[in-house]
Amino acid sequence: MKASANYIATLLILFLSLSVNAQTLEQIYPEFIADGQTLKEATVGGLSSPQFSAVDLNNDGILDLYIYDKIGQLSLTYLNGGTPNKVDYSYAPAYQKNFPTLVEWVIMRDYNGDGIQDIFTYSSTPGIPGIEVYTGYYTEENQIAFQQNNLSGGQFNIIYYPGNSGNNNLYVSSIDYPAIDDIDGDGDLDIVTFNLAGGIVELFENQSIERGFGIDSLQFTLVDRCWGKFFESGISKEVELSSSPGECAISFTASEPRSGLHAGSTVLTIDLDNDGDKEVILGDISFTNLNLLINGGTSEEAFMTDQDIAFPSNDVSVDLPLFPAAYSLDVNNDGAKDMLVAPNLGNDIGETYEVVWYYENVATTENPVYELRQKDLFVEDMLDYGTGAQPVFVDYNQDGLQDLVVGNKSFFVPGGNRNARVYLYENTGTATVPRYELKEDDLFGLNVFSQNSWRFTPTFGDLDGDGDLDALIGEEFGNLFYAENIAGPDQPFQFAPAVFGYQDLDIGQSSRPQIIDVNRDGVLDLVIGERNGNLNYFENGGTSQNPDFPSDPTNNFFGKVDARETNQVTGYSAPTIMEMEGIFQLFVGSEGGKILQYNGIEGNVGGAFTEVTNNYGDLITGAEIHPAFADIDKDGFLELAVGNIRGGLSFFKTNLKSQLTDITTLSEETFITVAPNPSNEQLAIEVGAAIEPLQLKIYGVNGQVVVNQSFKSSVFIGNLVAGMYVLEIETTKGSYTQKFVKR
């Protein structure tokens, strides 16, 4: 009897060969369909707090798009097709490798007049607030790249300005988003930013030309301690305007400019009335609106005389939870600069899906008129689950193709509520060309628990020994949901209602489980990652039909694995253990965005594992990543899906080889049959003439080796527990498999 592929595909991820020194990860883009629509940029990885800059990435004279996402601190690059009057961008990750590691905020401007955009960004030195600068240039391949500018004036490589007692670092908060613009109209870039205490905006004028250094130098002087003469309290949407162009809206001294209530602001300077001076569009961390301040002064002496707290009041006003920031760039290639608005939060308490509001400028750059076109620009083409994405592969409908199940942390809901879900994507493609189609957006019905439980992290394993795969789902507070698969072997999954508090297990926060027989005793154990970055091992003291896990972990520092970055208190470990050439290998996703890899697990469940690498594949996909492996195109190599805190997925092809050959692809001369099937005690094996068998192995439903011997035409299985197994025959030409059921 020939075996079907449906269970074999599930086990493909368990039999691998590893080349540690050749971590070849090629980014790939499987097709995804949701609500009948193919997602154009499905696996870009989601957006949460994007910041936008126009930049020519490939030196073709067309301004492309750079996006820096503050959540995950990730650079994303898009090429502009340049089609007139059309938003025409395509994701181009090849350009991302030339961007340095950047933190908190990024603004691209051409400070030296060479036509190439440069980078202004927050200081990368911990505890030192300020501005770093990277000078742009083009490589021989016409790709933009950057060299850090060696700034003089102080101990750190940041911008300084002369103060009363020496040079001071030009302060910009990590929370704020400053304006870097030619404020005074002299041709070089100045800096407008809130001061250390907040509430008052300072102008740092670039006096490079005045000092004889030329435009390619950065020589800043604090010329106005209350630029625009307004005061932003942070407790009102309106700012306090001054009654006189020569006086600040509040009285202040050098030591106490304000009360310190204000905690964050975004600043866009832009000439909206074509009179030569700059208006200001402000966003505040406390509010959902933008406030337009009208400059009634001059380019040399700014004086804000009016405000619009419902900007743009001619159309749909910005109402974006929380802390909006505005960006001016030509989005649709019509020659007029449009406006994008996005949240500037560095966390997930604000909007998580409708995070790019696109206002088209229906007039001119000199006298813009903004009209809202959509609230999910770019995101509409992505898989974006709000915050967090925890994927796992499984053959859900038992058709031999690997499907995809994804849990999220939550979508944003006003009022501090949650909207957490588990999604099912069935692979409706072919064996060699996967295509994923959304079938369920609340698998297991867990959304009703969202107000008390979120960050759902699913995994599968046969916990009751009946030959099908049950589900465990981790959640925010360290507990587990259990959903029993009642379909039976070889049947499309069908789950009983999920039950909270599986065996009263509680690991603290953010449980991320895997079901696997770690100690190879024939029963399934649990390995659970968590917020603190360690792994918890729960040894199964029961049977394959009746598991029994201790209330406390058998080992709460499993393998001595610590997924935390240096000086960090959290790590969000996400474990995946796989068998490679008969030996377990461990891959652990982490908060820092790296996948840690370990071996030395066999017979060592109480000891320290051996670290193979602390950055498998050198991935750059964002923070809090969650890996899942499967051979989704049946080419013998595993693919890797990576979820991240931005709520998206990225896919890669690895060099990890799948060694099982699907028996359904064999010719009549290479058949394998086992009889009787189902069987109680003895299994007779018949092979085709073209097969030269060498070794015989039998694997349990989750890949544990229960028989390993030289090939014989029969094998005793009377000591095996009832359930489904896979028989593997190793030959001179490869490994062939057949499935059978032990009664």
Side-chain angles (χ1 to χ4, degrees), residues 19 21-29 41 43-45 50-69 72-84 88-103 105-122 124 131-152 157-159 180 187-189 208 213-218 329-331 333 378 593-594 613 615-622 650-655:
S19 175
N21 296 322
Q23 299 173 13
T24 304
L25 297 188
E26 170 193 356
Q27 193 161 4
I28 58 174
Y29 306 93
E41 306 280 9
T43 57
V44 170
Q51 302 170 358
F52 303 92
S53 294
V55 55
D56 186 355
L57 295 170
N58 57 358
N59 199 21
D60 65 352
I62 299 175
L63 286 177
D64 307 301
L65 182 65
Y66 170 79
I67 303 176
Y68 175 78
D69 201 309
Q73 303 195 340
L74 182 73
S75 294
L76 300 170
T77 49
Y78 284 77
L79 286 177
N80 187 354
T83 304
D88 187 21
Y89 296 98
S90 58
Y91 181 52
Y95 297 91
Q96 293 170 194
K97 67 180 186 299
N98 292 336
F99 280 78
T101 299
L102 305 168
V103 297
W105 55 262
V106 178
I107 298 174
M108 299 196 71
R109 299 286 187 267
D110 178 14
Y111 80 85
N112 57 6
D114 64 356
I116 306 172
Q117 296 292 81
D118 310 301
I119 291 175
F120 293 78
T121 186
Y122 187 71
S124 60
I131 303 175
E132 292 182 352
V133 181
Y134 293 80
T135 304
Y137 66 94
Y138 287 109
T139 67
E140 294 181 356
E141 295 78 23
N142 279 321
Q143 292 190 357
I144 197 167
F146 302 91
Q147 176 68 45
Q148 187 168 8
N149 191 313
N150 291 318
L151 300 166
S152 60
N157 196 7
I158 56 178
I159 293 176
I180 299 178
D188 54 24
L189 293 176
S208 176
F213 288 95
I215 197 172
D216 60 345
S217 182
L218 296 169
L329 63 161
D330 182 6
V331 176
N333 296 303
F378 306 117
K594 298 176 181 178
T613 175
N615 193 10
Y616 172 75
D618 295 326
L619 297 180
I620 305 176
T621 61
S650 302
F651 278 70
F652 301 88
K653 176 164 285 300
T654 78
N655 65 335

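When a residue number appears, it is its place in the shown sequence, counting from 1.
Between the Q117 side chain and the D56 main chain, no donor and acceptor come within less than 3.5 Å of each other. A donor-acceptor pair is defined here as one N or O able to donate and one able to accept, closer than 3.5 Å; no such pair exists between the side chain of R109 and the backbone of L189. With hydrogens and angles disregarded, a donor-acceptor distance shorter than 3.5 Å links the side chain of T77 to the backbone of A92. Looking at D69, its side chain never comes within 3.5 Å of a backbone N or O of L74 through a donor-acceptor pair. Without hydrogens or angle criteria, S208 side chain to L218 main chain gives no donor-acceptor distance under 3.5 Å. Remark: the backbone N or O of Y111 is not paired with any side-chain donor or acceptor of D188 at under 3.5 angstrom. At least one donor-acceptor pair closer than 3.5 Å links the side chain of N98 to the backbone N or O of I144. A side-chain donor-acceptor contact under 3.5 Å links D64 to the backbone of N80. Between the side chain of N142 and the backbone N or O of N58 there is no donor-acceptor pair closer than 3.5 Å.
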Trace of the side chain to side chain contact (heavy atoms under 4.5 Å, CB included) decision for D110 with D118: CA-CA 5 Å; D110 178 14; D118 310 301; 3.6 Å; yes
Could you walk me through whether F99 and Y68 pass ring pair (Phe, Tyr, Trp, His ring centres under 6.0 Å), step by step? CA-CA 10 Å; F99 280 78; Y68 175 78; 9.9 Å; no
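Here the closest heavy-atom approach between residue S650 and residue V44 is recorded as OG-O, 4.0 Å. Minimum heavy-atom separation, N615 to K594: OD1-CG, 3.6 Å. The nearest pair of heavy atoms linking T43 to Q27 is O-NE2, 4.1 Å. Closest approach of E41 to S90, counting heavy atoms only: OE2-CA, 3.3 Å. Contact between V103 and Y122 at its shortest, heavy atoms only, is O-CB, 3.4 Å. Minimum heavy-atom separation, D88 to G82: OD2-N, 3.5 Å.
With rounding to the nearest 0.5 Å, the separation of CZ in F120 from CD1 in I107 is 8.5 Å. Interatomic distance, CG of D330 versus CG of L65, reported as 11.5 Å (0.5 Å rounding). Within the model, atoms CZ of F146 and CG of L102 stand 8.5 Å from one another, a figure rounded to the nearest 0.5 Å. One distance of note links CD1 of I159 with CG of L151; it measures 6.0 Å at 0.5 Å rounding. Once rounded to the nearest 0.5 Å, the distance linking CD1 of I131 with CD1 of I180 reads 5.0 Å. Once rounded to the nearest 0.5 Å, the distance linking OG of S75 with CD1 of I119 reads 7.0 Å.
W105 is listed as a side-chain neighbour of Q51, based on a closest heavy-atom distance under 4.5 Å. Taking the side chain as every heavy atom from C-beta outward, L76 and Q96 approach each other to under 4.5 Å. When side chains are defined from C-beta on, Y66 counts as touching V106, because their heavy atoms get closer than 4.5 Å. The shortest side-chain heavy-atom distance between V331 and F52 does not fall under the 4.5 Å cut-off.
For the side chain to side chain contact (heavy atoms under 4.5 Å, CB included) test, residues two or more places apart in sequence or in another chain that qualify with Y137 are T139, A145, Q147. The ring pair (Phe, Tyr, Trp, His ring centres under 6.0 Å) test applied to Y134 returns no partner, not counting sequence neighbours.
Ring planes of Y78 and Y89: perpendicular class, angle over 60° (limits at 30 and 60°).
More than 12 heavy atoms of other residues, nucleotides or ligands sit less than 6.0 Å from atom CD1 of I116.
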